[in-house]
Amino acid sequence: MSTPLWVVVPAHQEAARIGATLEALAAQRDRDFTLVVVDNASTDATAAVAHAFARRAPFPVHVLSEPEKGVGCAVDTGFRFAIGRGAVLLARTDADCLPRPGWTAGARGALARGAGLVCGRIDARRDEHGPLGRAVFRALVRVAAFFGRIRPAHHHRHGYLAPYRMHAGNNMAITADLYDAVGGMPRRPSPTDRLFLNRVRRHTTAIVRARDMVVENSTRRLRAYGVVGTARWYLDKGPGRHGEDPR
């Protein structure tokens with residue numbers, strides 16, 4: 001039997017999109033995992049879609065309710081539920097993302113080789129923007145990654161054991177032991193990715209990037225915020241005048 005892997009998907013108002021995410025998980029080459037969908041205070045049919053999928057899924061599925069609004073709350077609830085039921089390896093994607101077929105295999109393989117935290121590669125969904133929009137998205141990701149590497153607050157002198165790596169919360173995997181050791185995901189609204197990564201960087205050097213762990217990311221924020229607003233978001237400036245995160 002392989003090491004228990006659990007996948008957590010936080011979801012808020014994602015009835016229109018989560019079905020495609022669940023089908024992408026069902027199409028994984030490595031389907032030896034348990035899925036946890038955390039419905040985060042949705043008022044639409046998100047939970048109903050997840051329950052319907054659970055009845056025919058090729059792996060065990062749990063659908064939880066987390067009433068405290070915030071992606072960090074939903075992720076932490078899902079991860080802790082999984083750990084409490086024996087999870088050793090944890091992975092996360094979001095309810096508007098499409099993990100490619102080798103995603104779970106890539107996560108399991110990297111963790112089995114000794115990684116504590118695995119950062120996957122993100123690309124733009126091909127069904128939300130044309131080539132120009134996807135190119136803009138990729139450019140923003142590269143800018144955010146570069147800024148993270150040169151940002152003075154991320155240098156080793158601030159107590160970090162490992163260099164900064166671009167970390168997308170919708171494409172990550174971590175061992176249960178490390179998740180517990182760093183205190184888990186910050187229980188707050190987005191953005192949480194950089195805060196969590198820096199917790200891990202203060203604890204271990206075992207952070208790797210897995211290029212075979214690929215998720216197609218929603219570009220809704222780019223459409224809602226524009227280029228400048230999206231750049232602010234990825235630099236941890238929050239949603240600004242835009243209010244609730246469209247994702």
Indicate yes or no: at least one non-hydrogen side-chain atom of V9 is less than 4.5 angstrom from one of V36. no

If you take all heavy atoms of A74 and P10, which pair is closest and at what distance? CB-CB, 3.7 Å

Check against side-chain contact (heavy atoms from CB on, under 4.5 Å), H203 and L178: CA-CA 8 Å; H203 191 84; L178 181 56; 3.5 Å; yes

Salt-bridge criterion met for R17 and E23 (N-O under 4.0 Å): no

Quick one: does any side-chain atom of T192 pair with a main-chain N or O of G72 as donor and acceptor, under 3.5 Å? no

Taking the side chain from D39 and the backbone from S65, do they hold a donor-acceptor pair closer than 3.5 Å? no

Please give me the minimum heavy-atom distance between D96 and S218, naming the atom from each residue. OD2-CB, 3.2 Å

Which value, rounded to the nearest 0.5 Å, describes the distance between T204 atom OG1 and L117 atom CG? 9.0 Å

Determine whether V75 and V38 make a side-chain contact, defined as any pair of heavy atoms from C-beta on separated by less than 4.5 Å. no

Are the side chains of K69 and N40 in touch, meaning some heavy atoms are under 4.5 Å apart? yes

How far does OG1 of T46 sit from CD of E14, to the nearest 0.5 angstrom? 6.5 Å

R202 to L161 - nearest heavy-atom pair and separation: O-CD1, 3.8 Å

Does N170 form a side-chain hydrogen bond (donor to acceptor under 3.5 Å, both in side chains) with N217? I'd like the steps, not just the answer. CA-CA 8 Å; N170 58 30; N217 190 85; 2.3 Å; yes

Single-linkage hydrophobic cluster V118~L89, side-chain heavy atoms < 4.5 angstrom: yes

Here the gap from L22 atom CG to I18 atom CD1, rounded to the nearest 0.5 Å, amounts to 4.5 Å

Under a 4.0 Å N-O cut-off, is there an ion pair linking D123 with R125? no

Testing the basics here: between M185 and Y179, what is the closest heavy-atom pair and its distance to 0.1 Å? N-OH, 2.8 Å

R31 side chain vs A26 backbone, donor-acceptor pair below 3.5 Å: yes

Would a distance-only check, ignoring hydrogens and angles, find a side-chain to backbone donor-acceptor pair under 3.5 Å from R92 to G169? yes

Between N171 and W103, does a side-chain hydrogen bond (donor to acceptor under 3.5 Å, both in side chains) hold up when you go through it step by step? CA-CA 9 Å; N171 189 3; W103 183 69; 2.7 Å; yes

I'd like to know if the side chain of Q28 reaches the main chain of T104, judged simply by a donor and an acceptor atom lying under 3.5 Å from each other, with no hydrogens or angles considered. yes

Taking the six-membered ring for Trp, are W6 and F81 parallel (under 30°), tilted (30 to 60°) or perpendicular (over 60°)? perpendicular

Assess whether a salt bridge exists between D212 and R121, defined as any Lys/Arg side-chain N lying under 4.0 Å from an Asp/Glu carboxylate O. no

Contact between V7 and T34 at the side-chain level, heavy atoms closer than 4.5 Å - yes or no? no

L98 and V215: same hydrophobic cluster, using ILVMFWY side-chain contacts below 4.5 Å? no

Nearest atoms (heavy-atom pairs only) where A27 meets P101: O-CB, 3.9 Å

Gap between atom CZ of R187 and atom SG of C73 - 0.5 Å precision: 4.5 Å

Please give me the minimum heavy-atom distance between P99 and L25, naming the atom from each residue. CG-CD2, 3.9 Å

Show your reasoning for whether side-chain contact (heavy atoms from CB on, under 4.5 Å) applies to V37 and L64. CA-CA 6 Å; V37 177; L64 310 182; over 6 Å; no

Judged by atom type as modelled, is there a donor-acceptor pair below 3.5 Å linking the side chain of R199 to the main-chain atoms of G184? yes

Check E68 with R188, please: is the shortest side-chain N to carboxylate O separation under 4.0 Å? no

Side chains of L5 and T3 in contact at under 4.5 Å (non-hydrogen atoms): no

Take I174 and F196 through the side-chain contact (heavy atoms from CB on, under 4.5 Å) test and state the conclusion after the steps. CA-CA 11 Å; I174 189 169; F196 181 69; 3.6 Å; yes

Could you give the distance from CD (E216) to OG1 (T93), rounded to the nearest 0.5 Å? 10.5 Å

Side chains of I83 and L90, heavy atoms from C-beta outward: is any pair under 4.5 Å? yes

Y160 side chain to V200 main-chain N or O, any donor-acceptor pair under 3.5 Å? no

If you group Ile, Leu, Val, Met, Phe, Trp and Tyr by side-chain heavy-atom gaps below 4.5 Å, do V8 and L197 land in one group? yes

Taking L35 as the starting point, is it possible to reach L111 by hopping between hydrophobic residues whose side chains are less than 4.5 Å apart? yes

Check whether Q13 reaches the backbone of D44 with its side chain - one donor and one acceptor, N or O, closer than 3.5 Å. yes

Are any non-hydrogen side-chain atoms of D180 and R80 less than 4.5 angstrom apart? yes

Before giving the answer on side-chain contact (heavy atoms from CB on, under 4.5 Å), spell out for V88 and T175 the whole-Å C-alpha distance, their side-chain angles and the decisive distance to 0.1 Å. CA-CA 6 Å; V88 176; T175 65; over 6 Å; no

Please check this pair: side chain of R108 against backbone of D32, looking for a donor-acceptor N/O pair closer than 3.5 Å. yes

Measuring from atom SG of C97 to atom CD1 of I122, what distance do you get when rounded to the nearest 0.5 angstrom? 8.0 Å

